[in-house]
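Here is how names work: the chains are called A, B, and so on, in the same order as the sequence lines, proteins then strands, and each is numbered from 1.
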Amino acid sequence: METKSESLREAYGNELVSLGKRDPNVVVLDADLSSSTRTGIFGKEFPDRFFNMGISEQSMVTAAAGLALSGKKVFASTFAVFLMRTYEQIRQSVCYNNLDVKFVTTHAGITVGEDGATHQIIEDIGVMAGLPHMSVIVPVDAVETRSVIRYVHDFTVTPYYIRLTREKFPVLNDADYEYVPRKSVTFKDGSDLAIIGCGVMVSFALQAAKELKSKGIDARVINMSSIKPMDREAVVKAASETGRILTVEEHSIYNGLGSRVAEIVGEEYPALVHRMGMRDTFGKSGKSWELFDYFHLGVPDIVRSAESVFREEKRFESIS
Amino acid sequence: MEQLIIPETEISRYAEIARQVRINTIKMVYAASSGHPGGSLSAADILTVLYFREMNINPVEPDDPDRDRFILSKGHASPGMYSVLSLRGFFPLELLKDFRRLNSKLEGHVHKGVPGIESSTGSLGQGLGVGVGMALAAKLDKKDYHVFVMIGDGELEEGNIWESMMAGYKFKLNNLIVVLDRNGVQLDGKTQDVMPLHDIPGMVKSFGWNVIEIDGHDIRQIIIALERAKSSKDLPTFIVAHTVKGKGVSYMEGNYKYHGSPPASEKEYHQALKELGGE
């Protein structure tokens, strides 16, 4: 890859330290993975405000609720897959109480690589986005990660799920980029079809768009980091202006980005939607980047899918 | 603690309030045709002592940052909880009659929207963890309030409880006090049949906590135990309060069928009230 890559979780840990310096109310919890999630960077700087709860995620989530009920701004981290066992604690103690707890998980998706299927969560977006009061963000790179962490701390008091990864991802945003809530970012304009993605798949989509261009297909590429709430206007605009949408995500095609895009398109502006993602299957061990090819989620696969979406006959008459 | 003198008049005052809590509980679940009387009746004496004597709370200022906190982790004992709060002045008694009704603030399980309620509960096993977080916050803020958590004995079957017990020990939360309503009955039957726990005080002790065992219907013992717990130097305290499920209503006592069901008939309803001196 030509663009430089940077670790999202490293960006998270460092941003936490900046928050800790300017806000004594920030507390951070982890469940024995702080050297991996990088919350350990905060823990080293602010040992009094860092709580390692051990391999006890239920304890971590309920304690996070108690701290938030006492006026703290709480960040709680572990691997995304392990947070899922506390779905009900998150539901009852955090979301129902509507508390200022930010769940920032790392090692989501298949980019966990060698650790294999047990650690590759591909259902988490759906699980979390289904919760009332919960917002879900999938930062596309380290720049957006820092900005999102600042944003949720500075401007929000409700629960958030922020999905980070093990691998370094290509930096797509300029250094001065600031996350705007609910707004997607169009990295490349185009009128033949729109590729809507989140996470590392956006950088794949940009590479695919280059190849598509050489084949005479002009693809729009949208970074939809805000899964819930979603930028409905951008989705509808893509549907109405191109009539063809391809969604790409490092997640199940069920209940993730693609499903939500399809819901909006179905409700507001029927158009072709094809979803790329994990197709009702578990992941497996392998090098992260090999896995994308194995599961047909690599750049050539996106190019092929985009071509077939582009060639498919439109089934809907344009309304306008 | 031996020198603690509690006048008999004070004891009988709490006993009278607890009796009102029980009467309200029966009225509420009967009017709602649903709800959980058994665990409210077993907890009534403890809840009364907490809210009328031991806790530093003010119904006029329910958000006072220095207040003591209470979490009813066994959130199904909502009729008992709401009764105590209203008798203590957090909200008017009239509201109790709309318990569990649409547009009433009094949700079926304990709800944070009700004045005096610190956290919504109802799914078992979570309240102790929330209490751990509050006790940690007190330490961070250098405040000397206490956090009280009442849990049920069936609830001890939840893993979350034991995870949070470890945290209470690790962080030396001497400001955290658990009261176990040990009534021996859960929804499906006796706790010893559904999932026997060999030695609760031993289990708690092995997690590094102070343990105190009392009769949870003896008001003097409740007071002494809570006072002792409050003076703990560096360990959290776990009070095993032996109680009777459905205490005060003969046909409900020890009967799992009244864990989650109101009096089954008008006859049962009047009998319950009569036994409690409520009519």
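Under the 4.5 Å side-chain criterion, counting only non-hydrogen atoms from C-beta, Met150(B) is in contact with Phe70(B).
If you tally non-hydrogen atom pairs under 4.5 Å between each of Ala137(B), Gly125(B), Ala167(B), Ser119(B) and chain A, the highest count goes to Ser119(B). With respect to chain A, the highest number of heavy-atom pairs below 4.5 Å among Met166(B), Arg69(B), Lys139(B), Lys170(B) belongs to Lys170(B). Counting heavy-atom pairs closer than 4.5 Å to chain B, the top-ranked of the candidates Asp48(A), Leu29(A), Leu67(A) is Leu67(A). Contact tally against chain B (heavy-atom pairs below 4.5 Å) for Met53(A), Met60(A), Glu88(A), Arg91(A): the top residue is Glu88(A). Of the listed residues (Asn160(B), Asp141(B), Ile161(B)), the greatest number of heavy-atom pairs within a distance under 4.5 Å of chain A belongs to Asn160(B). Across Val27(A), Ile55(A), Asn25(A), Leu69(A), the residue that shares the most heavy-atom pairs under 4.5 angstrom with chain B is Leu69(A). Of the listed residues (Leu128(B), Val147(B), Val132(B), Leu140(B)), the one with the most heavy-atom contacts under 4.5 Å to chain A is Leu140(B).
Proximity to chain B is absent for every atom of Val74(A), based on heavy atoms less than 4.5 angstrom apart. Only the backbone of Glu118(B) comes within less than 4.5 Å of a heavy atom in chain A; its side chain stays farther off. Within the 4.5 angstrom heavy-atom criterion, no atom of Met165(B) approaches chain A.
Under a cutoff of 6.0 Å and an axis angle of 45°, Arg150(A) and Tyr179(A) do not form a cation-pi pair. Note that Arg9(A) lies outside the cation-pi zone of Tyr12(A), set by a 6.0 Å cut-off to the ring centre and a 45° limit from the axis.
Side-chain contact, Ser120(B) with Gln92(A): no donor N or O sits under 3.5 Å from an acceptor N or O. Under the 3.5 Å distance criterion, with hydrogens and angles disregarded, no donor-acceptor pair is assigned to the side chains of Gln186(B) and Thr191(B).
Ring geometry for Phe82(A) versus Phe79(A): interplanar angle under 30°, hence parallel rather than tilted (30 to 60°). Aromatic ring orientation, Phe75(A) versus His153(A): parallel (interplanar angle below 30°, classes split at 30° and 60°).
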